[in-house]
Amino acid sequence: MKRLNHYILLLFAFALTFNSCQPEEVAPALPTNRQPPPIKKTPTPLPGTIPPDQVIRTDYAGATKWRIIYTNVDVNLGSLYQRYFSTVDGSFQSLSELNSSTSATARADMNLMFWFIASPDKFNHQLTFPAHAAATRFKPSEWPYWQLPFITLTDPAQFEAAFEGSMFESTPYQPYNYELNGDESDYINEGDIYLFKTDRTPARYGAVSILVVANPFLGTEQTIIEITVQADNNIVQLND
């Protein structure tokens, strides 16, 4: 019996020794060349460039007219709007597009929308290539709106005659408070017509007519502007 008990004790001791030699169970380690995946967040997309909602081009014998419509304008997105307009080909650019190259900067003739009509060189502090910005100049017109289409159809040369014969000083933007040298100038209003002269060789003359003005703080209205350019049938037609 003593010998049997002795064997039992030996077997028990062997079992304890065998179990103590087994490796401990641990969580598998990540490979050294990998990191835990980051927590995914849904990015908030930024709105892209905003073109005019509608552009209607009409070619006449000696002039070209564009009717430009912006809908639901938002002043907080001002720099994203394609509001730099070219009288050469009727193209539109945003501020970033204008700053993309010297040729893009030189393409624009005026800045539309919001509170005034302005020459690109008025924004030299925002331009990457200010030396290439056009110096379009404007003067107020006292024409009633009905006279503008009549001149467009019958005698577009009157755009040049009216601009050069006007007693008003040419300015880089309109409306312009001449009595205060531009200070406290008013905003554009429906019915306003401004004459302009482009900074090109040869210069192009024309008129900007304000048909509808949106309140940019409401974001639920339209701005409608017509630009008529003395063309001599040499304005580039963009492909759709």
Side-chain angles (χ1 to χ4, degrees), residues 51-71 73 81-93 106-122 134-168 170-176 187-214 222-238 240:
D53 291 273
Q54 190 175 17
V55 179
I56 303 171
R57 172 175 172 154
T58 307
D59 292 303
Y60 302 94
T64 297
K65 181 183 73 178
W66 289 269
R67 174 174 284 210
I68 304 153
I69 301 174
Y70 295 93
T71 303
V73 296
Y81 281 100
Q82 288 185 327
R83 53 194 174 102
Y84 288 89
F85 174 76
S86 171
T87 64
V88 173
D89 55 18
S91 61
F92 295 82
Q93 299 181 93
R107 186 180 303 124
D109 290 297
M110 62 186 75
N111 174 25
L112 312 176
M113 286 192 12
F114 299 143
W115 298 286
F116 45 76
I117 306 298
S119 171
D121 69 337
K122 185 182 185 300
T136 302
R137 292 298 177 255
F138 302 89
K139 293 183 179 183
S141 169
E142 296 180 353
W143 291 343
Y145 177 73
W146 64 264
Q147 190 171 355
L148 185 56
F150 178 77
I151 290 172
T152 301
L153 283 170
T154 62
D155 190 10
Q158 286 195 45
F159 290 121
E160 178 178 355
F163 185 93
E164 298 296 350
S166 171
M167 298 300 294
F168 286 102
S170 61
T171 61
Y173 67 93
Q174 289 287 342
Y176 185 90
Y187 300 152
I188 56 175
N189 292 293
E190 294 178 8
D192 289 350
I193 297 177
Y194 305 109
L195 303 171
F196 66 84
K197 178 182 180 179
T198 64
D199 180 22
R200 300 191 180 276
T201 304
R204 280 200 173 102
Y205 296 84
V208 179
S209 178
I210 311 301
L211 301 184
V212 178
V213 180
Q222 286 186 326
T223 292
I224 304 177
I225 299 171
E226 284 186 346
I227 300 176
T228 307
V229 185
Q230 183 181 335
D232 297 330
N233 293 323
N234 62 349
I235 291 180
V236 176
Q237 177 71 59
L238 292 177
D240 295 333

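The figures here come from the full heavy-atom set of this structure, side chains too, leaving out hydrogens, waters and symmetry mates.
The minimum heavy-atom distance linking Ser86 with Asp89 is given by the pair OG-OD1, 3.2 Å. The two residues Ala135 and Asp199 make their nearest non-hydrogen contact at N-OD2, 3.0 Å. What you find for Gly62 and Pro156 is that their closest heavy atoms are O-CB, 3.4 Å. The minimum heavy-atom distance between Ala207 and Ile193, with the atom names listed, is CB-CG2, 4.1 Å. Taking each heavy atom of Gly90 and Phe85 in turn, the nearest pair found is CA-CE1, 3.7 Å. Shortest non-hydrogen contact noted between Ile117 and Ile225 is CD1-CD1, 4.3 Å.
In this structure, CD1 on Ile151 lies 6.0 Å from CZ on Phe159, to the nearest 0.5 angstrom. A distance of 10.5 Å separates CD of Gln174 from OG of Ser141, quoted to the nearest 0.5 Å.
Aromatic ring orientation, Tyr187 versus Trp115: tilted (interplanar angle from 30° to 60°). Relative ring orientation between Tyr70 and Tyr81 is described as perpendicular, the plane-to-plane angle rising above 60° on a 0-90° scale split at 30° and 60°.
With Asp53 contributing its side chain and Thr71 its backbone, the two residues share a donor-acceptor pair below 3.5 Å. A donor-acceptor distance shorter than 3.5 angstrom exists from the side chain of Thr152 to the backbone of Leu148, with no hydrogens or angles considered. In this structure a side-chain-to-backbone donor-acceptor pair under 3.5 Å is missing from Thr136 to Thr198. Between the side chain of Thr223 and the backbone N or O of Val213, no donor-acceptor pair lies under 3.5 Å.
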Stepwise ring pair (Phe, Tyr, Trp, His ring centres under 6.0 Å) test for Tyr194 and Phe138 = CA-CA 6 Å; Tyr194 305 109; Phe138 302 89; 7.6 Å; no

Would you sort out whether Leu195 and Trp143 count as a side-chain contact (heavy atoms from CB on, under 4.5 Å), showing the intermediate values?
-> CA-CA 10 Å; Leu195 303 171; Trp143 291 343; 3.8 Å; yes

Where do Glu190 and Asp192 land on the side-chain contact (heavy atoms from CB on, under 4.5 Å) test, with the steps shown first?
-> CA-CA 6 Å; Glu190 294 178 8; Asp192 289 350; over 6 Å; no

Check the pair Val55 / Ile69 against side-chain contact (heavy atoms from CB on, under 4.5 Å), numbers first and verdict last.
-> CA-CA 6 Å; Val55 179; Ile69 301 174; over 6 Å; no

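Within 6.0 Å of atom OH in Tyr145, more than 12 heavy atoms from other residues, nucleotides or ligands are found, so the atom counts as buried in its surroundings.
The list of salt bridge (charged side-chain N to carboxylate O under 4.0 Å, His left out) pairs with a residue in residues 139-166, not counting sequence neighbours, reads Glu164-Lys197.
Using a 4.5 Å cut-off on side-chain heavy atoms (C-beta onward), Val208 and Glu226 make no contact. At a threshold of 4.5 Å between non-hydrogen side-chain atoms, the residues Arg83 and Met113 count as touching. Contact annotation: the side chain of Trp66 never approaches that of Ile56 to less than 4.5 Å [non-hydrogen atoms, C-beta and beyond]. Under the 4.5 Å side-chain criterion, counting only non-hydrogen atoms from C-beta, Asn111 is not in contact with Tyr173. Contact check for Met110 versus Phe196: side-chain heavy atoms found under the 4.5 Å cut-off. Between Phe92 and Pro51, every side-chain heavy-atom pair lies at or beyond the 4.5 Å cut-off. For the pair Arg137 and Thr171, the minimum side-chain heavy-atom distance is 4.5 Å or more. Looking only at side-chain heavy atoms (C-beta outward), Lys65 and Ile227 stay at 4.5 Å or farther from each other.
A salt bridge between Asp109 and Arg200 is present, with a side-chain N of the basic residue lying under 4.0 Å from a carboxylate O of the acidic one.
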